[in-house]
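Just below is one structure, and these are the notes that go with it.
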2 protein chains.
Amino acid sequence: MPRAGLSREKLIEAGAVLADSEGFAALTLAALARQFGVKLASLYAHVRNSDDLKAGVALRALDALADEADEAVAGRAGKEAVVALAEVHRRFAGDHPGLFEAARFPLSPEQAAGSGGVRLARTMLAALRDYGLSEADQVHAVRLLGSFFLGFSLLERGGSFSHSQPEPDLSWQCGLDALDLTLKSWMKK
Amino acid sequence: MPRAGLSREKLIEAGAVLADSEGFAALTLAALARQFGVKLASLYAHVRNSDDLKAGVALRALDALADEADEAVAGRAGKEAVVALAEVHRRFAGDHPGLFEAARFPLSPEQAAGSGGVRLARTMLAALRDYGLSEADQVHAVRLLGSFFLGFSLLERGGSFSHSQPEPDLSWQCGLDALDLTLKSWMKK
DNA sequence: CATAAAAACTAATGGTATTAGGTAAAAAAC
DNA sequence: GTTTTTTACCTAATACCATTAGTTTTTATG
């Protein structure tokens, strides 16, 4: 019996594609085993357990998001950079809900330390360069922005903005304008 | 064989307690059946399926959050009210992670329409009264605040703030101060 | 009391995840 | 090239969760 040629990387890649196309909840060892034409137990030669696989997919999702963020911010500064970064978050959540959810899977501190999440924070710091913030305020800003981007995307996707006017796009713009002004007011003092 | 005296309300109540003590992931029909000493299939006389039960627990969690919010905002105005409201969110997430997660379970539009989520938005609007915002800006503000409260709590609980200084409490204060100033600058124009 | 309705049970089915031991394929050693 | 070792895959077993359909028992109703 020839080997299916599986590997950890292949499983994680296929897992990410599955989560993206069918949703994170559809990502199961059983589904992947079927896809590769092997018995489920065979996957344990490559991943420790189901959570190990999911963490791998989460890391990949974070990398994908970080890649898009890097690209969006390149060559941009100030408000333009922040807005570009924000749009990446919101668009990623809208275009890739399965990966967006995967990216939120709990990671160990070691896993998180080497992840796209850290790159994302770095990209956000770079985007803030033009605001001339103090060291501490840079961190506060990253946390403020990150919180808004994540919270808004989740609430929007959860339908919380569906039954009220004005359109969410306006609130998003409003929020970004407000945060930009806030950052400007925090300039080194 | 005497009946166990189950009811939908009892199951949802017990489910909320279980989610609160063991985490939302521990909330299963099987666990509740064991707790009440009945066979799992018996629960279907009271709930449609597992998701129906979870939605019920979600609604209860939202009500609990809304109750705390109402209480915290009562007798308060302006920044004090907003800060009190924010603290409720963050504290709820920290003290009741299982219920916090339950509150985020996807609900149908009908379910959401009658939920603590709507009460929460109303309470937030009330908290904003002192800022004298326009109708539209009130909605923008609710969405901005809600996004920050949710996003910050999730990132904090997910460990995103663990490996960097300053302390998250400072960023939280900074964020609230910033949002307060923003709202003040939005006063009817 | 008899009947109807509803709750609880039984049996069956389907699905997911993990472990331990065995076998065959591939890699490494000679 | 052959032999030995390692590793990937399978089998069998186990555990757990969820749902459906039909049956039985309990409770409510007339």
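Throughout, a chain's letter reflects where its sequence line sits, starting with A, and its residues are numbered from 1. Only a predicted model underlies this, so the values are computations on that prediction, with no experimental measurement involved.
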Which whole-number value in Å describes the distance from A/Leu40 CG to D/dT11 C1'? 13 Å
If we ignore hydrogens and angles and just use 3.5 Å, is the side chain of B/Lys54 paired with the main-chain N or O of B/Gly15 as donor and acceptor? no
With the side chain defined as heavy atoms from C-beta on, B/Leu6 is closest, among C/dA26, C/dT19, C/dA8, to C/dA8
Which whole-number value in Å describes the distance from B/Leu32 CG to D/dC17 P? 11 Å
Indicate whether any N or O donor in one side chain lies under 3.5 Å from an N or O acceptor in the other, for A/Glu87 and A/Trp172. yes
Counting side-chain heavy atoms from C-beta on, which of D/dA18, D/dA8, C/dC9 comes nearest to B/Leu29? D/dA18
On the six-membered ring of B/Phe161, is A/Arg143 placed so that its NZ or CZ lies under 6.0 angstrom from the centre and within 45° of the ring axis? yes
Protein-nucleotide distance (A/Lys39, atom NZ; C/dG15, atom P), rounded to Å: 14 Å
If you assign A/Val38 and B/Lys54 each to the DNA chain D nucleotide with the nearest heavy atom, which residue ends up on the more 5' nucleotide? A/Val38
Between A/Asp180 and A/Tyr131, is any side-chain donor less than 3.5 angstrom from a side-chain acceptor? yes
Expressed in angstrom and rounded to an integer, what is the separation of A/Arg48 atom CZ from C/dT19 atom P? 11 Å
If you check the A/Ala4 side chain, which of D/dC9, D/dT11, C/dT10 turns out closest? D/dC9
Rounded to the nearest Å, what distance is computed from the CG atom of residue B/Leu18 to the C1' atom of nucleotide D/dC17? 14 Å
Look at A/Ser42 and D/dA8 and indicate whether a side-chain polar atom (N or O) is within less than 4.0 Å of OP1 or OP2. no
From the candidates D/dT11, C/dA24, C/dT16, the one with an atom nearest any side-chain atom of A/Arg3 is C/dA24
Does either side chain, that of A/Asn49 or that of A/Tyr44, offer a donor lying less than 3.5 Å from an acceptor on the other one? no
Taking 4.0 Å as the cut-off, does a side-chain nitrogen or oxygen of B/Arg34 come that near to OP1 or OP2 on D/dC17? yes
Could you check B/Ser50 against A/Ala45 and say which one's nearest nucleotide on DNA chain D is further toward the 5' end? A/Ala45
Any side-chain N or O of B/His46 under 4.0 Å from OP1/OP2 of C/dA8? yes
What is the distance from CG of A/Asn49 to C1' of D/dA15, rounded to the nearest Å? 16 Å
Expressed as a whole number of angstroms, how long is the span from A/Leu43:CG to D/dC9:C1'? 10 Å
Rounded to whole Å, OH of A/Tyr44 lies from P of D/dA13 at a distance of 18 Å
At 4.0 Å (heavy atoms only), tell me whether A/Ala30 reaches a base, stays on the sugar-phosphate, or touches nothing. sugar-phosphate
